[in-house]
There are 2 protein chains.
Amino acid sequence: MKLITRNTDYAVRALCFIAQSKKKKVTVEELVRVLEIPGPFLRKILQILNKKKLLKSYKGQNGGFSLTKLQDKILLTDLMKIFQGPLKLNECIFKKQVCPNIKTCKLKKKIDKIEKCVISELKSVSLAYLLKKN
Amino acid sequence: MKLITRNTDYAVRALCFIAQSKKKKVTVEELVRVLEIPGPFLRKILQILNKKKLLKSYKGQNGGFSLTKLQDKILLTDLMKIFQGPLKLNECIFKKQVCPNIKTCKLKKKIDKIEKCVISELKSVSLAYLLKKN
DNA sequence: TGTTTATGATACTAAATTTGTATCATTTGT
DNA sequence: ACAAATGATACAAATTTAGTATCATAAACA
Ligand code: SF4
Ligand code: SF4
């Protein structure tokens, strides 16, 4: 029952570090050193963030990654969608077949309601929010 | 990001059927027929529910399962704990090591808050609630 | 212009969790 | 004794999560 998976968490931490770094660009090597995240795994994560335009990458010497957006425009839900797929707490699908109860099921209705609440909370979490002291 | 797993869902459906059945005891075979759940898997689930005292089992001919509690005393959260472990949305543990950020991390704080809300919603879901029309 | 240092792309592997099966033992009613 | 149910337990398949390995490509710079 994990709300966020490891790659989302790693992405958050990496973005936080990049955001607060004095340098214009941050290299994977530096992130690995300070965050203690497995190198190749983090690289893959950053490459994905680059593709999704949350980071801009620079190749070659003095290369690295920098943010493409303001901190309050980078949302946790963006990362979750990227690394964990659509924001859903319940699919009601077994072996590609939709559960026959789905129209009337009160459990599903309840979970849908919880889902709405969870997502609205999550939407309020930006990089800026995460970095703010206190 | 699945809030409830399959065995919890199966357990809910089985308990619902048993609860609304006219018979005093319901057999696995009947449940399999009507709910279309893989037999041996459902058996295992019911055996666990028996061990956990949510069901009482009767062996031998005319055997089967019956509820041990009133419908409003059987909570979804009980099932979730049984089949999915402690109610937690975030462990903050990688490879048995607690994340060093854990004391100050705002992400964790947020998730903890969401967790509280989710759990309190889930606690209000009893078998009686699930069976009530409208 | 070639070497070094960075990321890009992609395929592969390992570990963990979820979702099941298979088998034999035990109890009970007839 | 036999049939019909559950109990216990070990095994296996499928899926998801987590992580590696390798080669290609681009930019800086000597
Ligand atoms: S039973 Fe209700 S919750 Fe479970 S899968 Fe069917 S619809 Fe979804
Ligand atoms: S970063 Fe925050 S949320 Fe992620 S593991 Fe560490 S404490 Fe938990």
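Lettering of chains follows the sequences in order, A, B, ..., and the numbering in each one begins at 1.
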Enquirer: Any idea which of C:dG20, D:dT6, D:dT20 is nearest the A:Lys95 side chain?
Expert: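 Nearest nucleotide to the side chain: C:dG20.
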
Enquirer: From CD1 of A:Ile48 over to P of C:dT7, roughly how many Å is that when rounded to an integer?
Expert: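 Nearest whole value for this atom pair: 15 Å.
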
Enquirer: Rounded to whole Å, how long is the line connecting atom CZ of A:Arg33 with atom P of C:dA6?
Expert: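 Atom-to-atom, A:Arg33 to C:dA6, this comes out as 10 Å.
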
Enquirer: Rounded to the Å, how far apart are A:Phe83 CZ and D:dT16 C1'?
Expert: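 About 16 Å, once rounded to whole Å.
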
Enquirer: Assess the pair A:Phe65 and A:Tyr58: is the distance between their ring centroids shorter than 6.0 Å?
Expert: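 Not under 6.0 Å, so no.
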
Enquirer: Could you tell me whether A:Pro38 contacts a base, only the sugar-phosphate backbone, or nothing, with contacts defined as non-hydrogen atoms closer than 4.0 Å?
Expert: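 Sugar-phosphate, backbone atoms only, no base.
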
Enquirer: Can you find a side chain N or O atom of B:Lys59 that sits less than 4.0 Å from OP1 or OP2 on D:dA8?
Expert: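 It does not, given that no N or O in the side chain of B:Lys59 lies less than 4.0 Å from OP1 or OP2 of D:dA8.
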
Enquirer: Is the shortest side-chain heavy-atom distance between A:Leu130 and A:Val125 below 4.5 Å?
Expert: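 Result yes, sub-4.5 Å side-chain heavy-atom pair found.
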
Enquirer: Measure from the side chain of A:Gln47, starting at C-beta and using heavy atoms only, and say which of C:dG8, D:dA3, C:dT19 lies closest.
Expert: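 Nearest to the side chain of A:Gln47 among the choices is C:dG8.
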
Enquirer: Are A:Lys106 and B:Tyr129 in a cation-pi contact, defined as NZ or CZ under 6.0 Å from the six-membered ring centre and within 45° of the axis?
Expert: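 Ring-cation test returns yes.
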
Enquirer: Is any side-chain heavy atom of B:Ile4 closer than 4.5 Å to one of B:Gln84?
Expert: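 Yes, close enough: below the 4.5 Å cut-off.
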
Enquirer: Expressed as a whole number of angstroms, how long is the span from B:Leu49:CG to D:dG7:C1'?
Expert: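 Those two atoms, CG and C1', are 14 Å apart.
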
Enquirer: Whole angstroms only, please: what is the CD-C1' distance between A:Gln61 and C:dG2?
Expert: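 Atom-to-atom, A:Gln61 to C:dG2, this comes out as 12 Å.
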
Enquirer: Mapping A:Leu46 and B:Arg43 onto DNA chain C by nearest heavy atom, which one lands closer to the 5' end?
Expert: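 Looking at DNA chain C, the more 5' nearest nucleotide goes with A:Leu46.
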
Enquirer: Let me know the distance between CG of B:Leu55 and C1' of D:dA5, rounded to the nearest Å.
Expert: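 Distance, rounded to whole Å: 15 Å.
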
Enquirer: If you define the side chain from C-beta out and look only at heavy atoms, does anything of A:Thr27 sit under 4.5 Å from A:Glu30?
Expert: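 Yes, their side chains come closer than 4.5 Å.
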
Enquirer: Hey, is the side chain of B:Arg6 pairing donor to acceptor with the base of C:dG20 inside 3.5 Å?
Expert: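 Side chain to base: no pair below 3.5 Å.
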
Enquirer: Identify which one of A:Thr8, A:Ile48, A:Ile45 satisfies the side-chain contact (heavy atoms from CB on, under 4.5 Å) criterion when paired with A:Ile82.
Expert: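 Option passing the side-chain contact (heavy atoms from CB on, under 4.5 Å) with A:Ile82: A:Ile48.
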
Enquirer: It should be established whether B:Tyr10 places a side-chain nitrogen or oxygen under 4.0 Å from OP1 or OP2 of nucleotide C:dG20.
Expert: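 Yes, within the criterion.
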
Enquirer: Find which nucleotide of DNA chain C each of A:Lys2 and A:Tyr58 is nearest to by heavy atoms, and output the residue with the more 5' nucleotide.
Expert: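 Its nucleotide being nearer the 5' end, the pick is A:Tyr58.
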
Enquirer: Check the distance between D:dT20's P and A:Lys44's NZ and give it to me in whole angstrom.
Expert: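 Checked: the NZ to P distance equals 10 Å.
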
Enquirer: Are OP1 or OP2 of C:dA6 and a side-chain N or O of A:Ser57 less than 4.0 angstrom apart?
Expert: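 Checking A:Ser57 against C:dA6: no side-chain N or O falls below 4.0 Å of OP1 or OP2.
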
Enquirer: Scan B:Gly64 against the nucleic acid and name what it touches under 4.0 Å (heavy atoms): base, sugar-phosphate only, or nothing.
Expert: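 Sugar-phosphate, no base atom in range.
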
Enquirer: Using OP1 and OP2 only, check whether a side-chain N or O of A:Asn50 sits under 4.0 Å from C:dG8.
Expert: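 Yes, within the criterion.
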
Enquirer: Is B:Lys25 close enough to C:dT28 that one of its side-chain N or O atoms is under 4.0 Å from OP1 or OP2 there?
Expert: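 Negative; the distance criterion is not met.
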
Enquirer: Is there a side-chain polar atom (N or O) of A:Asn62 under 4.0 Å from OP1 or OP2 of D:dC29?
Expert: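 It does, given that an N or O in the side chain of A:Asn62 lies less than 4.0 Å from OP1 or OP2 of D:dC29.
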
Enquirer: Using atom NZ of B:Lys24 as one end and atom P of D:dA5 as the other, report the distance to the nearest whole Å.
Expert: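 Interatomic distance, NZ of B:Lys24 to P of D:dA5: 19 Å.
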
Enquirer: Please determine if a side-chain N or O atom of A:Thr27 lies less than 4.0 Å away from the OP1 or OP2 oxygen of C:dT7.
Expert: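 It does, given that an N or O in the side chain of A:Thr27 lies less than 4.0 Å from OP1 or OP2 of C:dT7.
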
Enquirer: Assuming nearest nucleotide by heavy-atom distance, tell me which of A:Gly60 and B:Val26 is located more 5' along DNA chain D.
Expert: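 Result of the comparison: B:Val26.
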
Enquirer: Please evaluate the base of C:dG8 for a donor-acceptor partner in the side chain of A:Lys51 within a cut-off of under 3.5 Å?
Expert: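 Absent.
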
